[in-house]
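For reference, the structure is listed below as structure tokens.
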Amino acid sequence: MKQLILVLIVLAAINLLIAETVVIEPTDDMYTDVEHPGTNPTVTELWVAEFSAASHFERIMMRFDLELYRDVTIQSATLHLKRFFSCPSSGTTVTNFYAITEEWDEDTWPFAEHVEYNESISMPYTFSGAGGDAVTDYEVDVTDFIQNWIDTDLPNYGFVIRANNGYKWSKFYSKEHSNVDFHPSLTLTFQGQATQEEDIEAYEVTAMNFPNPFNPETTISYTIPQSSFVNIEIFNVRGRLTYETSQGYQHAGQHQVTWNGTDNSGKSVASGLYYYRIDTNRGTITKPMIMLK
């Protein structure tokens, strides 16, 4: 029996030794408010409420880039949020976390439109305690929630926090706040080999288009080494922007887009030399192509 206990202690010590911990900030965080489309959101704050008497139905959206941790086992995942206001003071806001099911980013998502989510991938959490002007640090255990996303290989569109019906505001600081100590963050402790940043950075964005020369359209194929937001711009030989398209957040790998030889207004462009530029979080590539009529 003593030998068994000793073996278990040794194994536990080994697990602690090989476990790694990282802290990451969200790539995107914001809140939506469908009832007040004429107002501007406070970008340094995140609001959540479901209170019909005051027509407030704010929801928080948040996403972390977890591509490096696809092949690891998550031992713990803790979401840190700083609440600076509650209504009523020291009030409670009962919420649910849901996995978002559509592409979004904080720069382009409409403030007055709620995002779609999967109700079967959810987690309840109650924000309670100090309120008013007191800043409270919440440590939310999202281990099972994160591991479920990794295990099921779902697209990582992040999560939305929605208050249960009848609950007033909880307001938190976003990653845009001037004080970095108030930013949301995710602490991951995991076992296994995470993909190394230097391994990812060793690869460049690649691209080609076919046919080239082309008429009336060409397909631009490109490969990105890591999941990233992708924007594609096409310029004429004088460097004037002719056409632009946002591909949103795309996973690492090969993608393609077809250009039909029209500008942003839908008019056909003239024959000549054009350049397409692919912008990603990991770099930019620019290549020439020729339109022949």
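- Tyr98 does not carry Arg59 over the face of its six-membered ring by the limits of under 6.0 Å from the centre and within 45° of the normal.
- Closest approach of Thr93 to Ser170, counting heavy atoms only: OG1-OG, 2.8 Å.
- Around the CG atom of Asp144, the shell of radius 6.0 Å holds no more than 12 heavy atoms that belong to other residues, nucleotides or ligands.
- The two residues His251 and His255 make their nearest non-hydrogen contact at O-NE2, 2.7 Å.
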Sequence neighbours excluded and cut-off under 3.5 Å, please list the side-chain donor-acceptor pairs for residues 285-293, or say none.
from	atom 1	to	atom 2	distance (Å)
Lys287	NZ	Ala207	O	2.6
Lys293	NZ	Val269	O	2.6

*Under the side-chain contact (heavy atoms from CB on, under 4.5 Å) rule, what do Thr32 and Val115 come out as? Steps first, then yes or no, please.*
CA-CA 8 Å; Thr32 53; Val115 74; over 6 Å; no
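- Under a hydrophobic-cluster definition in which Ile, Leu, Val, Met, Phe, Trp and Tyr are linked whenever side-chain heavy atoms come within less than 4.5 Å, directly or via other members, Ile232 and Phe210 are assigned to different clusters.
- To the nearest 0.5 Å, the span separating OG1 on Thr78 from CG on Asp141 amounts to 5.5 Å.
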*What do the steps show when you test Glu244 against Asn264 for side-chain hydrogen bond (donor to acceptor under 3.5 Å, both in side chains), and what is the final call?*
CA-CA 7 Å; Glu244 181 177 18; Asn264 284 325; 5.3 Å; no
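- Between the side chain of Thr27 and the backbone N or O of Arg63 there is at least one donor-acceptor pair closer than 3.5 Å.
- Under the 4.5 Å side-chain criterion, counting only non-hydrogen atoms from C-beta, Asn260 is not in contact with Pro216.
- Atom CZ of Phe145 is surrounded by more than 12 heavy atoms from other residues, nucleotides or ligands within 6.0 Å.
- The hydrophobic cluster containing Ile60 also contains Tyr125, counting ILVMFWY residues as joined when their side-chain heavy atoms lie under 4.5 angstrom apart, directly or transitively.
- Distance CD/Glu103 to CG/Asn156: 9.5 Å, rounded to 0.5 Å.
- Closest approach of Thr245 to Asn231, counting heavy atoms only: O-OD1, 3.4 Å.
- In this structure, OG1 in Thr21 is found 8.5 Å from CG in Leu188, a value given to the nearest 0.5 Å.
- Considering every non-hydrogen atom in both Trp104 and Asp29, the closest pair reads CH2-N, 4.4 Å.
- By the 4.5 Å heavy-atom criterion applied to side chains, Met61 and Asp28 are not counted as neighbours.
- With hydrogens and angles ignored, the 3.5 Å screen pairs no side-chain donor or acceptor of Thr189 with any backbone N or O of Ser76.
- Using a 4.5 Å heavy-atom threshold, the side chains of Phe190 and Ile74 count as touching.
- With 3.5 Å as the limit, one finds a donor-acceptor pair spanning the side chains of Thr284 and Asp279.
- Here the side chain of Thr218 pairs a donor or acceptor atom with the backbone of Pro211 at under 3.5 angstrom.
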Name each donor-acceptor pair under 3.5 Å that joins a side chain in residues 40-55 to protein atoms two or more places apart or in another chain, with its distance.
from	atom 1	to	atom 2	distance (Å)
Glu45	OE1	Trp47	NE1	2.8
Glu50	OE2	Arg162	NH2	3.2

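- The same ILVMFWY cluster, assembled from side-chain heavy atoms under 4.5 Å apart, contains both Ile24 and Leu79.
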*Evaluate the side-chain contact (heavy atoms from CB on, under 4.5 Å) criterion for residues Ser174 and Met30: first the C-alpha distance (whole Å), next the side-chain angles of each, then the deciding distance (0.1 Å), finally the verdict.*
CA-CA 7 Å; Ser174 77; Met30 63 178 291; over 6 Å; no
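- Two residues are said to be in side-chain contact when any heavy atoms from C-beta on lie closer than 4.5 Å; Leu81 and Met62 meet this criterion.
- Placement of Phe64 and Ile121 within a single hydrophobic cluster is found when ILVMFWY residues are connected by side-chain heavy-atom separations under 4.5 Å, directly or transitively.
- Shown are Lys82, Arg83, His80; of these, the side chain to side chain donor-acceptor pair (under 3.5 Å) with Tyr138 is made only by Arg83.
- Atom OG1 in Thr92 sits 12.0 Å away from atom CG in Asn164 (nearest 0.5 Å).
- Rounding to the nearest 0.5 Å places CD of Glu25 at 13.0 Å from CG of Asp65.
- A distance of 13.5 Å separates NZ in Lys168 from CD in Glu58, rounded to the nearest 0.5 Å.
- Using a 4.5 Å cut-off on side-chain heavy atoms (C-beta onward), Glu35 and Asp33 make contact.
- Two rings, from Tyr276 and Tyr274, have their centers 6.0 Å or more apart.
- In summary, the aromatic rings of Tyr31 and Phe111 are positioned with their centroids under 6.0 Å apart.
- Nearest heavy atom pair, residue Tyr222 against residue Ile220, reads CD2-O, 3.9 Å.
- Here the closest heavy-atom approach between residue Ala77 and residue Ile146 is recorded as CB-CG1, 4.0 Å.
- Within the 4.5 Å cutoff, no side-chain heavy atoms of Val257 are placed close to those of Trp259.
- Between Tyr173 and Phe84, the two ring planes are parallel [angle under 30°; tilted spans 30° to 60°].
- Phe127 and Tyr167 fall into different hydrophobic clusters, defined by Ile, Leu, Val, Met, Phe, Trp and Tyr side-chain heavy atoms under 4.5 Å apart, directly or through other members.
- Residue pairs meeting the salt bridge (Lys or Arg N to Asp or Glu O under 4.0 Å) criterion with at least one member in residues 220-238, sequence neighbours excluded, are Glu233-Arg277.
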